[in-house]
Amino acid sequence: MDITTMLGMLCEGLLVSAQIFCVALLGSLPLGVLVALGRMSKFKPLALLMRLYISVMRGTPLMLQLLAINFGPFYLFGIQLDSEWKFSATYIAFILNYAAYFGEIYRSGIQSIPRGQHEAANVLGYTRAQTFMKIVLPQVIKRILPAMSNEIITLVKDTSLAFVLTIPEMMSVSKSLAAREAGMMPYVFAGIIYWCFNFVVEWVLNRVEKKLDYYHD
């Protein structure tokens, strides 16, 4: 197989990997906020439930979660799902897993905001929702962006775990090509493409971080 054909097939796998990345990110970022707020809730049952959820999601492998969500409906409830379910299972597993990590990052950022700012906003007549959206959240985003960037870059690489459900993402394609060609070149090209993908993501995140850098020398 010539290099052009090989790269074409790997780029098709890259599109699937990018789709998993985008869906997981767009789903887990807002869900992480809800997880963080639930984790800090004064309603103890909700706070305990969120602690358990975070513990399970962070304490078990993402690959195991992918398998559990994909095969769970059949083995637990006897529900026969079509072949397209594996894509939905992949999105659900990634969103739930990363929402737990993002939730803890959000929580640490929210709790780092001095209590005096909440009190000052209350004196000025802000509601709790207005205080959170207009005063707390902008500062939280700036403080947590480095930690969030690390998780987002990890997400790019974790998309390769979808191969366990035979999703045709780039790692699955490279593995198939390597077996067909009996060589390492597909893995080499896949590694270079992953690095380029991460380079672009890192560049975007650095641009965002600079935009939020309000303090200049």
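Only a predicted model underlies this, so the values are computations on that prediction, with no experimental measurement involved. Side chains are part of it too, since the values below use all heavy atoms of this structure and drop only hydrogens, waters and symmetry mates.
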Notebook entry, point to check: Which of these passes side chain to side chain contact (heavy atoms under 4.5 Å, CB included) with Val156: Asn198, Leu25, Val200, Ile20?
Noted result: Asn198
Check: Do you reckon Leu81 sits in the same ILVMFWY cluster as Ile92, going by side-chain contacts under 4.5 Å, direct or chained?
Finding: yes
Notebook entry, point to check: Ile95 pairs by side chain to side chain contact (heavy atoms under 4.5 Å, CB included) with which of Leu26, Leu29, Leu31, Thr90?
Noted result: Leu31
Check: Does some side-chain heavy atom of Glu104 sit less than 4.5 Å from a side-chain heavy atom of Arg58?
Finding: yes
Next item on the list: Return the minimal non-hydrogen interatomic distance between Arg143 and Pro114, and the atom names on each side.
Entry: NH2-CD, 4.3 Å
Item checked: Flag, side chain of Ser176 to backbone of Val173, donor-acceptor distance under 3.5 Å -> no
Item checked: hydrophobic_cluster_shared for Leu64 and Ile69, side chain cutoff 4.5 Å -> no
Notebook entry, point to check: So how far is it from Leu62 CG to Thr154 OG1, rounded to the nearest 0.5 Å?
Noted result: 11.5 Å
Item checked: Any side-chain heavy-atom pair of Glu202 and Ser149 under 4.5 Å -> no
Item checked: Joint cluster assignment, Tyr101 & Val23, ILVMFWY side-chain distance < 4.5 Å -> no
Note to self: Quick check: Phe21 with Phe197 (ring centres under 6.0 Å apart)?
What the structure shows: yes
Next item on the list: Measure the spacing between CG of Leu155 and CG of Asn97 and express it to the nearest 0.5 Å.
Entry: 9.0 Å
Note to self: Can you classify the ring geometry of Tyr98 versus Phe94 as parallel (below 30°), tilted (30 to 60°) or perpendicular (above 60°)?
What the structure shows: parallel
Checklist line | Closest non-hydrogen atom pair between Gly109 and Ser112, with its separation | finding: O-OG, 2.6 Å
Notebook entry, point to check: Is Leu15 reachable from Ile192 through a run of I, L, V, M, F, W or Y residues, each pair having side-chain heavy atoms under 4.5 Å apart?
Noted result: no
Check: Quick one: does Ile3's side chain get under 4.5 Å of Phe189's, heavy atoms only?
Finding: yes
Next item on the list: Indicate yes or no for a side-chain donor-acceptor contact from Asp82 to the backbone of Trp85 under 3.5 Å, with no hydrogens or angles considered.
Entry: yes
Checklist line | Leu66 CG to Asp158 CG distance, which is reported to the nearest 0.5 Å | finding: 9.5 Å
Margin query: Contact between Leu96 and Tyr91 at the side-chain level, heavy atoms closer than 4.5 Å - yes or no?
Written below: no
Notebook entry, point to check: So, Glu169 side chain and Ser172 main chain: donor-acceptor pair closer than 3.5 Å or not?
Noted result: yes
Check: Are the side chain of Gln65 and the backbone of Met57 linked by a donor-acceptor contact shorter than 3.5 Å?
Finding: yes
Item checked: Where Ser174 and Pro186 come nearest, the two heavy atoms and their spacing -> O-CB, 3.6 Å
Checklist line | Lys86, NZ atom: more than 12 neighbouring heavy atoms under 6.0 Å | finding: yes
Check: For the rings on Phe199 and Trp195, is their centre-to-centre separation under 6.0 Å?
Finding: yes
Note to self: How long is the straight-line distance from CG of Leu7 back to CG of Leu14, given to the nearest 0.5 Å?
What the structure shows: 11.0 Å
Note to self: Tell me if a side-chain donor or acceptor on Arg39 pairs with a main-chain N or O of Arg107 at a distance below 3.5 Å.
What the structure shows: no
Notebook entry, point to check: So, the side chain of Ser41 versus the backbone of Leu37: is there a donor-acceptor pair under 3.5 Å, distance only?
Noted result: no
Item checked: Expected output: side-chain Ser160 to main-chain Met171 donor-acceptor under 3.5 Å -> no
Notebook entry, point to check: Side-chain contact, heavy-atom cut-off 4.5 Å: Tyr194 with Cys196?
Noted result: no
Notebook entry, point to check: Hey, any chance Leu48 and Tyr53 share a hydrophobic cluster, counting ILVMFWY side chains that come within less than 4.5 Å of each other, even indirectly?
Noted result: no
Check: Judged by atom type as modelled, is there a donor-acceptor pair below 3.5 Å linking the side chain of Ser55 to the main-chain atoms of Leu52?
Finding: no
Margin query: Distance check, rounded to the nearest 0.5 Å: Leu34 atom CG versus Met50 atom CE?
Written below: 9.0 Å
Check: So how far is it from Leu165 CG to Ser83 OG, rounded to the nearest 0.5 Å?
Finding: 12.5 Å
Item checked: Phe74/Ile79 under side-chain contact (heavy atoms from CB on, under 4.5 Å): CA gap, chis, key distance, verdict -> CA-CA 5 Å; Phe74 176 76; Ile79 301 174; 5.9 Å; no
Next item on the list: Please confirm whether the backbone N or O of Met148 pairs with a side-chain atom of Glu151, one donor and one acceptor, at under 3.5 Å?
Entry: no
Checklist line | Val208 side chain reached by Leu145 side chain, heavy atoms, under 4.5 Å | finding: yes
Check: Considering only heavy atoms from C-beta outward, does the side chain of Gln19 approach that of Phe87 to under 4.5 Å?
Finding: no
